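First comes the structure, then the notes that go with it.
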Amino acid sequence: MKKRILIIIIAVALGVSFIIFKRMKKPTNTAAYTVGILQTASHPALDAARDGFVEELKNKMGTAVEFIIQNAQGSVANAHAIAQQFHANQHLNGFFAIATPAAQAMSALEKERPIFIAAVTDPHALGLVHPTTNVCGVKDMIDV
């Protein structure tokens with residue numbers, strides 16, 4: 001009887017130890033690249049730019065890329081705060097800035113890692129894109 005109780009106690013202890021160990025184990029990041037996405041505000045056109053960017057990179061890279069998506073909710077101050085967080089995060093390999101305030105906030109801080117932009121009317125006039133910057137992307141200016 002004592003042996004049976006001892007075996008049950010040992011089995012329970014091993015089971016509890018296994019459960020605790022599994023919960024403490026941190027998941028490994030399988031993505032080779034992490035991209036920070038800074039979106040100025042929620043809007044169908046801006047959401048479509050974000051979704052298209054994410055979808056295309058996932059089509060090309062599969063699980064080798066993951067995204068951290070932040071939305072400034074229309075606030076320039078929030079855009080700058082998020083840009084500072086992204087800049088400080090050394091695990092991010094690149095950035096996607098959607099709309100002018102996000103592009104300006106991100107390019108003001110980050111000078112090394114690539115910044116891709118979209119939905120910026122005239123990035124050349126803003127000084128965002130020139131031969132010595134780490135910024136590239138598409139503009140939304142209409143030639144009338």
Side-chain angles (χ1 to χ4, degrees), residues 5-144:
I5 293 173
L6 182 62
I7 291 172
I8 291 171
I9 291 172
I10 290 173
V12 169
L14 285 173
V16 169
S17 298
F18 178 75
I19 291 169
I20 291 171
F21 175 74
K22 289 294 268 182
R23 287 188 180 179
M24 289 177 52
K25 186 178 176 185
K26 296 185 186 245
T28 57
N29 183 359
T30 59
Y33 299 99
T34 304
V35 177
I37 298 177
L38 173 53
Q39 184 171 334
T40 299
S42 295
H43 182 276
L46 303 181
D47 294 345
R50 180 199 63 228
D51 294 343
F53 180 82
V54 169
E55 182 180 328
E56 189 61 26
L57 277 182
K58 284 192 176 214
N59 285 342
K60 299 287 185 193
M61 301 178 70
T63 60
V65 63
E66 68 179 18
F67 304 92
I68 298 175
I69 301 170
Q70 295 287 325
N71 190 318
Q73 300 299 326
S75 167
V76 173
N78 285 349
H80 282 279
I82 294 167
Q84 287 175 340
Q85 291 172 356
F86 279 179
H87 174 67
N89 186 343
Q90 293 302 310
H91 297 291
L92 295 175
N93 302 101
F95 310 95
F96 182 48
I98 305 170
T100 301
Q104 287 176 312
M106 203 66 241
S107 67
L109 294 170
E110 184 59 51
K111 303 298 182 192
E112 298 295 321
R113 294 174 282 181
I115 301 170
F116 305 96
I117 62 171
V120 177
T121 303
D122 195 354
H124 294 284
L126 294 172
L128 297 176
V129 178
H130 53 81
T132 63
T133 67
N134 56 326
V135 179
C136 68
V138 296
K139 61 182 182 177
D140 64 1
M141 182 185 290
I142 301 170
D143 186 15
V144 290

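Source: prediction; values computed, not measured.
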**Asked** Would you say H91 and T34 make side-chain contact, with heavy atoms under 4.5 Å?
**Response** no

* Asked: Does NZ in K111 sit with more than 12 non-hydrogen atoms of other residues, nucleotides or ligands closer than 6.0 Å?
  -> yes

In terms of heavy-atom contacts, S42 and Q39 come closest through CA-NE2, 3.9 Å

Inset, instruction - Find out whether F95 and P114 are in side-chain contact, i.e. whether some heavy atom of one side chain is under 4.5 Å from a heavy atom of the other. - result: no

Residue set satisfying ring-ring contact (aromatic ring centres under 6.0 Å, His included) with F53, at least two apart, ordered chain then number -> F96

Subject >> Test item: N93 side-chain N/O and V35 main-chain N/O as donor-acceptor pair under 3.5 Å >> reply: no

Interatomic distance, OH@Y33 vs OG1@T63, rounded to 0.5 Å, equals 12.5 Å

Shortest non-hydrogen pair, T121 vs K139, comes out as O-CB, 3.6 Å

What one should report as the nearest heavy-atom pair of I115 and S107 is CD1-CA, 3.7 Å

* To do: Taking the side chain as every heavy atom from C-beta outward, state whether Q84 and L109 have any pair of such atoms under 4.5 Å apart.
  => yes

Donor-acceptor contact below 3.5 Å, side chain T133 vs main chain H130:
yes

**Message:** What verdict does the side chain to side chain contact (heavy atoms under 4.5 Å, CB included) test give for Q90 and R113, after you've listed the backbone C-alpha separation in whole Å, the side-chain angles of each residue and the deciding distance to 0.1 Å?
**Reply:** CA-CA 10 Å; Q90 293 302 310; R113 294 174 282 181; 3.9 Å; yes

Shortest non-hydrogen pair, V120 vs A103, comes out as CG2-CB, 3.8 Å

*How about I37 and I98: do any of their side-chain heavy atoms sit closer than 4.5 Å?*
yes

